[in-house]
Asks: 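Right, I'll just put the structure down here and ask away after.
Source: prediction; values computed, not measured. As a basis for the values below, the full set of heavy atoms in this structure was taken, side chains included, without hydrogen atoms, waters or symmetry mates. Letters A, B, ... are given to chains in the order of the sequence lines, protein chains preceding strands, and every chain is numbered from 1.
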Amino acid sequence: MFSPSLWRIRRFSDAMPEMLQLQREMNRLFSNVGQKAPQDYPAVNIWEKNGSAVVTAELPGIDPEKLDISVSGDILTLSGTAQSINFTGSETYLRQERGIGSFKRSLQLPFSVNAQEVEARYERGILMIALPRMKEDLPKKIKIK
Amino acid sequence: MMEKDVQKTENVSATERIRNVKTFVPRVDIYENKDALFLIADMPGVDEKTVDIELEKNVLKICGCVENGRIPDATLMYSEYEIGDYERVFTLSDEIDREKIVASVKNGVLRLELPKAEKVKPRKIAIKAA
């Protein structure tokens, strides 16, 4: 009489990754309860992929030439200036909500970064930095004699 | 900077949407000179293919679709911002020349040029010698 709708729409196995994703999102959401949301600019997301870290940040309208990314040890520093509008003199602001000026932010990663192999890409206003781990810093296997 | 300045603002619209993602209000700058109004909107993650500008009567709607932003095979360890679409609606006055609106997107920033109609442009009035 009642056919479960989950089965009707698509196979259960197809819905599984989505459910796992939902579970992860929920865990993340509740693990941050009580913590104050950080207010630093730019806001970053940090991903983990095969032992290396990927940092993404939303930085709309930045001149990639003027964006400064530096790594020393386990500290990643991002700094730059938001591109300002070139006014010729006769313009007037009616509304200003976008951020102006320069920013600088340092992040401490849980491992030393191999600075030689850091890759950064800036596309559509999103900065993505891949930070591989230093070889010496990788966990070592210890053999039992 | 204050928190509201740094974090993205979520769109709290009453309408139901087809895409099941969060929507955010893009931050905009609006300025004018004697010929046109300019609208600059921060929409990181959007390019010329995924941005949609609609003008219906005097309502200008800007939408940006952003793909989910997940990195394949990577797990999110720490998150300060969320990814979602952008949507914002503006009401235009009759002073805008609707036919001549120009839009461009660069580095996740949408730029709209809204030229003023001829009839409202400021004019110098010559004084005739009596």
Asks: Kindly check if the number of other-residue, nucleotide or ligand heavy atoms within 6.0 Å of CD (Glu95(B)) is above 12?
Replies: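 Open.
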Asks: Specify which of Ile40(B), Leu37(B), Val28(B), Asn33(B) makes the most heavy-atom pairs with chain A at under 4.5 Å.
Replies: Val28(B)
Asks: Answer with side chain, backbone, both or neither: which region of Ala57(A) has an atom nearer than 4.5 Å to a non-hydrogen atom of chain B?
Replies: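 For Ala57(A), the contact with chain B is made by the backbone alone.
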Asks: Just verifying a value: how many Å separate Asp35(B) CG and Glu91(A) CD, rounded to the nearest 0.5 Å?
Replies: 9.5 Å
Asks: Mind checking whether Leu60(B) and Leu94(A) sit in one hydrophobic cluster, side chains of I, L, V, M, F, W, Y counted as touching below 4.5 Å?
Replies: yes
Asks: With a 4.5 angstrom heavy-atom cut-off, is it the side chain or the backbone of Thr56(A) that approaches chain B, or both, or neither?
Replies: both
Asks: Which bit of Val44(A) is near chain B, if near means a heavy-atom gap under 4.5 Å: side chain, backbone, both or neither?
Replies: both
Asks: Compare every heavy atom of Ile46(A) with every heavy atom of Leu76(B), then report the nearest pair and how far apart it is.
Replies: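 What the structure gives for the nearest pair is CD1-O, 3.6 Å.
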Asks: Is any side-chain heavy atom of Arg124(A) less than 4.5 Å from a side-chain heavy atom of Val46(B)?
Replies: no
Asks: Grouping I, L, V, M, F, W and Y whenever their side-chain heavy atoms are under 4.5 Å apart, do Tyr78(B) and Ile75(A) come out in a common cluster?
Replies: no
Asks: Rounded to the nearest 0.5 Å, how far does NZ of Lys49(A) lie from CG of Asp73(B)?
Replies: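 Rounded to the nearest 0.5 Å, the CG-NZ separation comes to 5.5 Å.
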Asks: If you group Ile, Leu, Val, Met, Phe, Trp and Tyr by side-chain heavy-atom gaps below 4.5 Å, do Trp47(A) and Leu109(A) land in one group?
Replies: no
Asks: Any donor-acceptor pair under 3.5 Å linking the side chain of Asp29(B) with the backbone of Glu97(A)?
Replies: yes
Asks: Using a 4.5 angstrom heavy-atom cutoff, name the option from Thr50(B), Val66(B), Asp42(B) with the most pairs to chain A.
Replies: Asp42(B)
Asks: Does atom CZ of Arg121(A) have more than 12 heavy-atom neighbours, drawn from other residues, nucleotides or ligands, at distances under 6.0 Å?
Replies: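 Not buried by this count: 12 neighbours or fewer within 6.0 Å.
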Asks: Between Glu58(A) and Arg27(B), is there a salt bridge with N-O shorter than 4.0 Å?
Replies: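 The answer is no: the pair does not qualify as a salt bridge.
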Asks: Ignoring hydrogens and angles, tell me if any N or O in the side chain of Asn45(A) forms a donor-acceptor pair with the backbone of Glu80(B) under 3.5 Å.
Replies: yes
Asks: Working to the nearest 0.5 angstrom, can you tell me the gap between Asn107(B) CG and Leu59(A) CG?
Replies: 10.5 Å
Asks: Side-chain heavy atoms nearer than 4.5 Å, only ILVMFWY residues, links allowed to pass through others: does that put Tyr122(A) and Tyr41(A) together?
Replies: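 Yes: a chain of side-chain contacts under 4.5 Å links Tyr122(A) to Tyr41(A).
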Asks: Restricting to non-hydrogen atoms, name the atom on Gly125(A) and the atom on Pro44(B) that form the minimum distance, rounded to 0.1 Å.
Replies: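 It is O-CB, 3.8 Å.
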Asks: Enter the distance from Gln96(A):CD to Ile30(B):CD1 here, rounded to the nearest 0.5 Å.
Replies: 11.5 Å
Asks: Below 4.5 Å from any heavy atom of chain A, which atoms of Leu39(B) appear? Answer side chain, backbone, both or neither.
Replies: neither
Asks: In this structure, would Val105(B) and Leu112(B) fall into the same cluster of hydrophobic residues linked by side-chain contacts under 4.5 Å?
Replies: yes
